[in-house]
*Asks:* 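One structure coming up, written as structure tokens, with questions to follow.
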Amino acid sequence: MEYNIIENKDTITVKNIKDFIPKHIFECGQCFRWDKQKDGSYTGVAFNRVINVKKEGDDIIFSNTNKRDFDDIWFNYFDLGRNYREIKQELAKDDILNKAIKHGQGIRILNQDPWEILISFIISANNRIPMIKKSIKILSKRYGEYIEEYKGEKYYSFPLSNVLDDLSIEEITNCGTGFRAKYILNASKIVSSNQIDIYKLKNLSTPDARNQLMLFAGIGPKVSDCIMLFSMNKSDAFPIDIWVKRVMEYFYVDEGTKLMDIQKYAQEKFGNLAGFAQQYLFYYARELGIGRNKKR
DNA sequence: CGTCAGGTCTCTA
DNA sequence: TAGAGACCTGAC
């Protein structure tokens, strides 16, 4: 993928970029540390940096950054080396996905940090997105490192495992994590002691990586698939949350199909692109509120 | 006040 | 080995 990049003071502009719509990227459920600003742009924190992303016409402007960070961090973070046009062309052969893609054509799957994503998705279990974001924000403010103030707001990095592993259950609960606090503490101890090297899991096969992740208390099939898809470059992972379950039942499989069987179905149908299909379907289901009034 | 939300764990038959 | 029930928390 080649881009026409313009460098200015504190900003990098990528001209005429297709397949990049901030709203789709930041609101398709893969990340929790990006907030919409009054001007419609999004400000987020990742890899100890604060950055603002704004779409102007066909250009994307990255503010509060520089060419070096763009090359070293953001190019990979925003998955800019991947050709989404080809992925969408392939998936659009399926009628349902063809429609779903039209709603979320600017989605990209971010390459996020495994440790932050592992904890974030432990917190996501039986929780709501605003609450998840709030918990992560408090955790970072209390136990992360201060990064900088940007447009009147202070930003903090996500706390390291060897900081969280010293906390009490109560201290973690007090960040709004509820019953998941014990899972967070447990995971912190496993990671800080290197009992499981989560940074090496991306080198394993998807089933093997999944089995390793499921060893953590509080991580089941859905959360492990999220971790693999959003931070370990496993594009064949297919996380099935309530929305994906609904949209799959609505369009593809019988109601009451077991999650494992939906998983198998998606694996066979979408293969290596399952993760991308999941994102388009998830966004589509939420936009349309598919199955919202149905009982589980 | 119940209900319920980006699931997972525990207990029971 | 599958299925029901519990679970922090806060918004409706």
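Note that the structure is a prediction, hence the values are computed from the model and not measured. Below, read A as the first sequence line, B as the second, and so on, with proteins coming before strands; counting in each chain starts at 1.
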*Asks:* Using a heavy-atom cut-off of under 4.0 Å over every strand shown, decide if Phe230(A) touches base, sugar-phosphate, or nothing.
*Replies:*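 It contacts nothing in the nucleic acid.
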*Asks:* If the C1' atom of dG10(C) is compared with that of dC9(B), how far apart are they to the nearest Å?
*Replies:*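 One C1' to the other, the span is 23 Å.
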*Asks:* To the nearest Å, give me how far apart CD1 (Ile132(A)) and C1' (dC8(C)) are.
*Replies:*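 It works out to 13 Å between those atoms.
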*Asks:* Partner of dC8(C) by Watson-Crick or G-U wobble geometry, both contacts under 3.5 Å, or none?
*Replies:*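 Base-paired to nothing in any strand shown.
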*Asks:* Does Glu170(A) form a side-chain hydrogen bond (donor to acceptor under 3.5 Å, both in side chains) with Thr173(A)? I'd like the steps, not just the answer.
*Replies:* CA-CA 5 Å; Glu170(A) 194 188 6; Thr173(A) 305; over 6 Å; no
*Asks:* Measure from CD1 on Ile122(A) to C1' on dG7(B) and round the result to the nearest Å.
*Replies:* 12 Å
*Asks:* Using whole Å, report how far CG of Leu213(A) lies from P of dG7(B).
*Replies:* 18 Å
*Asks:* Where each residue is assigned the nucleotide of DNA chain B containing its nearest heavy atom, which of Ala217(A) and Ile129(A) is assigned the position nearer the 5′ end?
*Replies:*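 Its nearest nucleotide lies further toward 5', so the answer is Ile129(A).
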*Asks:* With sugar-phosphate meaning primed atoms plus P, OP1 and OP2, does Ile219(A) contact a base, only sugar-phosphate, or nothing at under 4.0 Å between heavy atoms?
*Replies:*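 Sugar-phosphate, backbone atoms only, no base.
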*Asks:* Remember a base hit wins even if backbone is also touched, and classify Gln30(A) as base, sugar-phosphate or nothing at under 4.0 Å, heavy atoms.
*Replies:*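 Base: the residue Gln30(A), judged by heavy atoms under 4.0 Å, touches a nucleobase.
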*Asks:* Starting from C1' on dG7(B), measure out to CH2 on Trp243(A) and report it in whole angstrom.
*Replies:*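 To the nearest whole Å, that distance equals 16 Å.
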*Asks:* Using 30° and 60° as the class boundaries, would you call the ring planes of Tyr183(A) and Phe179(A) parallel, tilted or perpendicular?
*Replies:* perpendicular
*Asks:* Could you check whether Phe121(A) and Phe230(A) have their ring centres less than 6.0 Å apart?
*Replies:*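 Judged by ring-centre distance (under 6.0 Å), Phe230(A) and Phe121(A) do meet the cut-off.
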*Asks:* Nearest whole angstrom, please: distance from the P of dC9(B) to the CG of Leu215(A).
*Replies:* 11 Å
*Asks:* In whole Å, I'd like the distance from the CZ atom of Arg286(A) to the P atom of dA5(B).
*Replies:* 11 Å
*Asks:* Applying side chain to side chain donor-acceptor pair (under 3.5 Å) between Asp19(A) and each of Arg85(A), Lys88(A), His24(A), report the one that passes.
*Replies:* Lys88(A)
*Asks:* When you get a sec, tell me which of dG7(B), dA5(B), dG10(C) is the closest nucleotide to the side chain of Arg246(A)?
*Replies:* dA5(B)
*Asks:* Of all of residues 163-183 of chain A, which get a heavy atom below 4.0 angstrom from DNA chain B, listed by number?
*Replies:* Phe179(A), Tyr183(A)
*Asks:* Look at the rings of Phe251(A) and Tyr284(A) and say which category their plane angle falls in: under 30° parallel, 30 to 60° tilted, over 60° perpendicular.
*Replies:* parallel
*Asks:* Heavy atoms under 4.0 Å, any strand shown: does Pro130(A) hit a base, just sugar-phosphate, or nothing?
*Replies:*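 It contacts nothing in the nucleic acid.
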*Asks:* Tell me, do Lys67(A) and Ile12(A) make a side-chain contact under 4.5 Å, heavy atoms counted?
*Replies:* yes
*Asks:* Figure out the CE/P separation between Met131(A) and dG7(B), and round it to whole Å.
*Replies:* 14 Å
*Asks:* If you find the nucleotide of DNA chain B closest to Phe216(A) and the one closest to Asp241(A), which residue's nucleotide is nearer the 5' end?
*Replies:* Asp241(A)
*Asks:* Answer yes if the side chains of Tyr252(A) and Asp94(A) hold a donor-acceptor pair under 3.5 Å, and no otherwise.
*Replies:*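 Judged by distance alone, the side chains do pair up.
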*Asks:* Would you kindly give the CG-to-P distance between Asp225(A) and dT8(B), to the nearest whole Å?
*Replies:* 9 Å
